[in-house]
Amino acid sequence: MDERILKWLYDIKIAIEELDTFFGGKLPSVDDYKNNLLLRRGVERNLEIIGEAMNRIRQRDPEYLRYITEAHAIIGLRNHIIHSYDNVSDESLWSIVKDHLPKLKEEVEVLIGDL
């Protein structure tokens with residue numbers, strides 16, 4: 001077991017769980033999200049952490065990425081948020097949080113369990 005990869009997997013899991021706490025068990029509407037600067041910045045920061053951890057896993061042992069459905073898209077999202085911050089769509093980020101993070105959390109939990 002590679003302890004660094006395990007640590008990065010936990011970083012991803014913790015970032016997703018932190019995002020879950022922002023919503024108090026109920027996702028607000030996309031309009032509520034767009035009108036809440038603090039929430040948007042918190043979401044962006046956690047997506048950056050998730051993407052950076054995924055990138056580090058890729059650099060350390062790319063074989064792990066075959067177990068994560070959207071690994072390359074996650075890394076690309078991180079790069080987009082950081083390097084094109086002025087061109088980030090709130091609707092796109094909201095869609096990712098709503099539709100894709102639950103699956104990522106499941107995949108990461110499986111990997112953590114297997115390690």
Side-chain angles (χ1 to χ4, degrees):
M1 167 182 41
D2 187 322
E3 290 182 12
R4 289 183 189 176
I5 289 177
L6 184 59
K7 187 248 188 243
W8 295 323
L9 289 170
Y10 270 106
D11 288 346
I12 294 168
K13 182 178 186 293
I14 290 167
I16 294 170
E17 289 172 347
E18 184 172 298
L19 284 168
D20 290 342
T21 68
F22 292 171
F23 312 126
K26 182 181 178 214
L27 286 175
S29 70
V30 68
D31 289 330
D32 290 339
Y33 169 74
K34 288 168 58 174
N35 292 320
N36 186 329
L37 178 62
L38 188 60
L39 179 59
R40 288 194 334 260
R41 294 300 180 254
V43 166
E44 290 169 5
R45 177 65 180 144
N46 278 287
L47 291 174
E48 290 170 359
I49 289 169
I50 292 166
E52 181 61 23
M54 192 72 62
N55 189 44
R56 290 178 183 189
I57 292 168
R58 177 183 66 178
Q59 292 172 353
R60 182 89 174 170
D61 189 348
E63 279 298 306
Y64 281 93
L65 299 190
R66 67 184 176 151
Y67 300 106
I68 298 177
T69 308
E70 299 292 334
H72 296 290
I74 293 165
I75 294 166
L77 174 66
R78 175 254 180 221
N79 293 336
H80 182 73
I81 292 170
I82 289 177
H83 299 293
S84 298
Y85 66 90
D86 57 342
N87 195 26
V88 173
S89 162
D90 291 331
E91 291 84 3
S92 294
L93 293 185
W94 191 242
S95 174
I96 290 165
V97 168
K98 185 175 62 111
D99 300 327
H100 299 286
L101 286 187
K103 172 80 170 162
L104 175 61
K105 184 177 179 183
E106 289 175 14
E107 293 172 340
V108 167
E109 288 175 342
V110 167
L111 281 172
I112 289 171
D114 289 347
L115 293 176

Supply the atom-to-atom distance [X] [atom1] to [Y] [atom2], rounded to the nearest 0.5 angstrom.
X	Y	atom1	atom2	value
R45	E18	CZ	CD	9.5 Å
R58	I75	CZ	CD1	4.0 Å
L39	Y33	CG	OH	6.5 Å
D20	L27	CG	CG	8.0 Å
I74	L104	CD1	CG	4.5 Å
K98	E91	NZ	CD	11.5 Å

Under the side chain to side chain contact (heavy atoms under 4.5 Å, CB included) criterion, do L101 and L47 qualify, and how do the steps go?
CA-CA 10 Å; L101 286 187; L47 291 174; 4.2 Å; yes
So, for [X] and [Y], which heavy atoms are closest and what is the spacing to 0.1 Å?
X	Y	answer
I12	A53	CG1-CB, 3.6 Å
R66	E63	CG-O, 2.9 Å
K34	D90	CG-CB, 3.6 Å

Give a yes or no on whether the backbone of [Y] and the side-chain of [X] come within a donor-acceptor separation of less than 3.5 Å.
X	Y	answer
S84	N87	no
N46	G42	yes
N35	D31	yes

Does L38, at its CG atom, have more than 12 non-hydrogen atoms belonging to other residues, nucleotides or ligands within less than 6.0 Å?
no
E106 and K103 ion-paired at < 4.0 Å
no
Would you mind checking if D11 and R56 are paired as a salt bridge, meaning a charged N to carboxylate O distance below 4.0 Å?
no
Residue pairs involving residues 67-78 (criterion side-chain hydrogen bond (donor to acceptor under 3.5 Å, both in side chains); sequence neighbours excluded):
E52-R78, T69-E107
According to a hydrophobic-cluster definition based on side-chain heavy atoms being under 4.5 Å apart (Ile, Leu, Val, Met, Phe, Trp, Tyr only), do [X] and [Y] belong together?
X	Y	value
I81	F22	yes
I16	I96	yes
I49	Y64	no
I82	L77	no

Among L111, L9, D2, which residue meets the side chain to side chain contact (heavy atoms under 4.5 Å, CB included) test with I57?
L9
Yes or no on side chain to side chain contact (heavy atoms under 4.5 Å, CB included) for K105 and V108, after CA distance, side-chain angles and deciding distance?
CA-CA 5 Å; K105 184 177 179 183; V108 167; 5.9 Å; no
